[in-house]
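Step one of this worksheet: look at the structure below.
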Amino acid sequence: MKPGASARSPYILILPAIALCLIFSIGPTVMSVRDSFRSVDYVAGTDKFVGLANYRSIFTDGVFLKVFGNSVVFMFCSVALSVPLGVAAALFLNRNRFIHNLTQSVIFTPHIVSFIAVATLWMFMMDPGYGILNYALGLFGLPPLRWLLDPGTSLLSLVIVAVWKTTGFNTLIVIAALQKIPAELYESARLDRATRAGMFFHITLPTISPVLVFLVTTSAISAFGTFDIVKFMTEGGPRNSSNLMVYWIYRTGFLHFQIGRAMAGAVVLILFLSVVSAVNFALMDRRAHYQ
Amino acid sequence: MKKSFMLLAAVIVLALAFVAWRQFPNDGVPETVGSSPDETPQNGGVVEVLFWNVFADESSTGVFLAKAAEDFMKENPGIKITVSGQGGYDAIAERLEAASAGGNLPTMAIIEETFLGRFHPIAADLSEYLPSDVIANYQPGLLASGYVGDKLYAVPFNRSMPVLFYNKTMFEASGLQTPPATWDEFREAAKAISDAERGIRGAGLCWDTDAWIFESILYSWGGDILDGTNKRVVFNDGGKASDIVKFFQEMKEEGTLFSPYDHQEDPWITVATEVLQGRACMMLGSNGMYSLYSQWMADAGFELGIAMHPSSGGTPSIATGGGNIAVFRNASREQKAAAGKLLEFLARDEYAGEYAVLTGYLPITKTAMNSEKLSAMLSEKPEYRTVIEQMEYAHRRPFTKNWKNMYGIIVEELEACLSDKRADAAEAMESASSACQKVMDENPD
């Protein structure tokens, strides 16, 4: 311990961070859990304990179950596409040449563009009448799609946008991980006449596996918490085919004024993400190689 | 170290207890909302009134209200009015919800007329703050939605009704003389005007984001959303809603109806653009858009026609719409009295008349017709009288705190029926009706 420092110093130093965390994160979470067992009406000024009624209500609500299912599908598809695409792009771009550096910058751009701009751009591209995507399908002799307007394709359309937006970020993180792998490992492997596939599966993948654990976990949490593209591109429609959990919570709480049900949905979301994260860490930790 | 840890833990527990504990500003007993109603936030003896407006400050209503507030303050130097644009009906509803939780409501606000079903517990009884002759002078068809029982919680401001807009130039070019009065005539007229080769359709239809147009068609068809007890959902009783949806599905199939739900842009703008650009001829829309549409259509080289909302025969019944003004109980007695004075001021013939002329919204009082500006406008555009005559057939909108939730369910099905060829009208309306009933049952008013 440095002279002048007391045993309390570390606690005092972390107190501001803890206070902010309590006010903006833990506190609201505690309130959400509390309100999920209550019937709260801010306007009428009523607040009463209702036990598990809100949970019973949402688990017998076809819309909630559909939205939960949509969120799981959206999360799975987004992660299953954006992480492998990020790895593939990173492997290709992990070279110190001008064109590769330029491409790295270009594919990272969607990550820093505002979601409103992204949503507007994709809505133009997905317009059934004049959108470029249907034009492209036509070039291959394929029939046009109604993208965001069709219950069969609306969720897929959002997945495409989410993958487009997140792949660049994943690529950048994987490139950073790839650049930390010692070149000697590959040189030794080449001396032993290892194939490129062999080097990838036995050197690259195990070495970057901690980063992949991080990416899969954060991408899953981020995908399950998606709100903006739903709000701006589909508002959950048509017929809730593209409605996701956070948008449902917002709509139930702020538009339908059912705070208790919305909070029950929020608690389900927190529990589900906790389980996904725990399972993800447990499964991937066995295979992840930490140096 | 252990002491420090205990101290930190105690701070955490206290902080959690603090954030988890909450007291409503109007906890439990709505009647006592505003624990100190006589306390006035005075600013050098000036009573301050915060007025939330649904329109942007630079819109015609925003400019009108700013000017009216200025005139009012000249007459009443002890009152300061601050008009604040809040971005639309839904935005104000969300903010009122949050302000109720936070205990920082404005003094008064424009709310969409059906939202009184939600916000009447925090509204003040205006009969205490408005003279009875002023109340009696409001148009009864418009004032009805401000009452809950015998208490007056809101008065009309920017009120509207759906009317039939049509492109007079196209209409007459098709050999038609009088606008359709019934839905059968509407369909026949649409057939006569439609021209598949030129991509022209007789009509366009937007249900509206809160099902307002659907609602009005339903009333004109002899149906209703809720029964007299306000507890039972009846819009599809006897398959009425399904029949309406099928009617328009068939028109779309015939190629005589333009549906905006095949496009991604805002449905109102899409339909209006089709009509104003001469690619569709008739549409139901808010009379509040009359001035704007007249100008746009003139710019496109057409003449705008306005006619009464079609009905299925018998006595017409047409939805009212638009915004009412409510004053909130939390305000001090002086603020509520000042807000009452402002409402009285806005109901003067000169202001009510000017606002109707400026925007096309309905004249909210009986004597507003006496205002110079409105009289001059009616002489110049006699067809606008149709709008005023329609008020006689005003039908009050659903009164339940659940309406926002319910119309979301209804609109989703309605939109699907006009965009998805596979959608079955009967199934869709039955499903919407059951879902709405479930909402009503789970959240009784």
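Every chain is numbered from 1 and lettered A, B, ... according to where its sequence line falls, protein lines coming before strand lines.
Within a 6.0 Å radius of CZ in A:Phe254, no more than 12 heavy atoms belonging to other residues, nucleotides or ligands are found. Within 6.0 Å of CD1 on A:Ile12 lie more than 12 heavy atoms contributed by other residues, nucleotides or ligands.
Both the backbone and the side chain of B:Ala428 come within contact range of chain A, judged by heavy atoms closer than 4.5 Å. Contacts of B:Lys438 with chain A are made by side-chain atoms alone, with heavy-atom separations under 4.5 Å and no backbone atom involved. Residue B:His120 does not touch chain A at all, counting heavy-atom pairs closer than 4.5 Å. In this structure, no portion of B:Glu415 lies under 4.5 Å from any heavy atom of chain A. Contact of B:Arg95 with chain A is not made at all, since no heavy-atom distance falls under 4.5 Å. Only the side chain of B:Asn443 comes within less than 4.5 Å of a heavy atom of chain A; its backbone N, CA, C and O stay farther away. Contact annotation for A:Pro151: only side-chain heavy atoms (C-beta onward) come within less than 4.5 Å of a heavy atom of chain B. Contacts between A:Met233 and chain B at a heavy-atom distance below 4.5 Å are absent for every atom of the residue. Proximity to chain B (any heavy atom under 4.5 Å) is restricted, for A:Asp150, to the side chain, taken from C-beta onward.
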- [ ] Begin from the C-alpha positions of B:His263 and A:Tyr130 and carry the test side-chain contact (heavy atoms from CB on, under 4.5 Å) through to its verdict.
- [x] CA-CA 10 Å; B:His263 303 262; A:Tyr130 53 78; over 6 Å; no

- [ ] Just do the side-chain contact (heavy atoms from CB on, under 4.5 Å) check on A:Phe257 and B:Arg118 with the steps written out, would you?
- [x] CA-CA 9 Å; A:Phe257 316 124; B:Arg118 172 68 186 153; 3.3 Å; yes

Task: side-chain contact (heavy atoms from CB on, under 4.5 Å) between B:Glu265 and A:Asp127, intermediate numbers included - done: CA-CA 9 Å; B:Glu265 293 77 13; A:Asp127 189 280; 3.4 Å; yes

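A:Tyr42 and B:Ser100 make their closest contact through O-CB, 3.6 Å (heavy atoms, listed as atom of the first residue, atom of the second, distance). Contact detail for A:Val43 and B:Ile122: the closest heavy-atom pair is O-CG2, 3.4 Å. Nearest approach of B:Pro121 to A:Ala44, heavy atoms of both residues: CB-CA, 4.2 Å. For the residue pair B:Lys404 and A:Leu255, the shortest heavy atom distance occurs at CD-O, 3.2 Å. Minimum heavy-atom separation, A:Arg261 to B:Glu442: NE-OE1, 4.3 Å.
Note that the CZ atom of A:Arg239 and the SG atom of B:Cys417 stand 6.0 Å from one another [nearest 0.5 Å]. Rounded to the nearest 0.5 angstrom, B:Glu412 CD and A:Glu235 CD are separated by 10.0 Å.
In terms of heavy-atom pairs under 4.5 angstrom with chain A, the leader among B:Asp262, B:Asn402, B:Ile409, B:Val411 is B:Asp262. Most heavy-atom pairs under 4.5 Å with chain A: of the set B:Ala435, B:Ala98, B:Ser419, this distinction falls to B:Ser419.
At least one donor-acceptor pair under 3.5 Å links the side chain of B:Gln264 to the backbone N or O of A:Met123.
In this structure, B:Asp420 does not pair ionically with A:Arg146, as no charged nitrogen and carboxylate oxygen lie closer than 4.0 Å.
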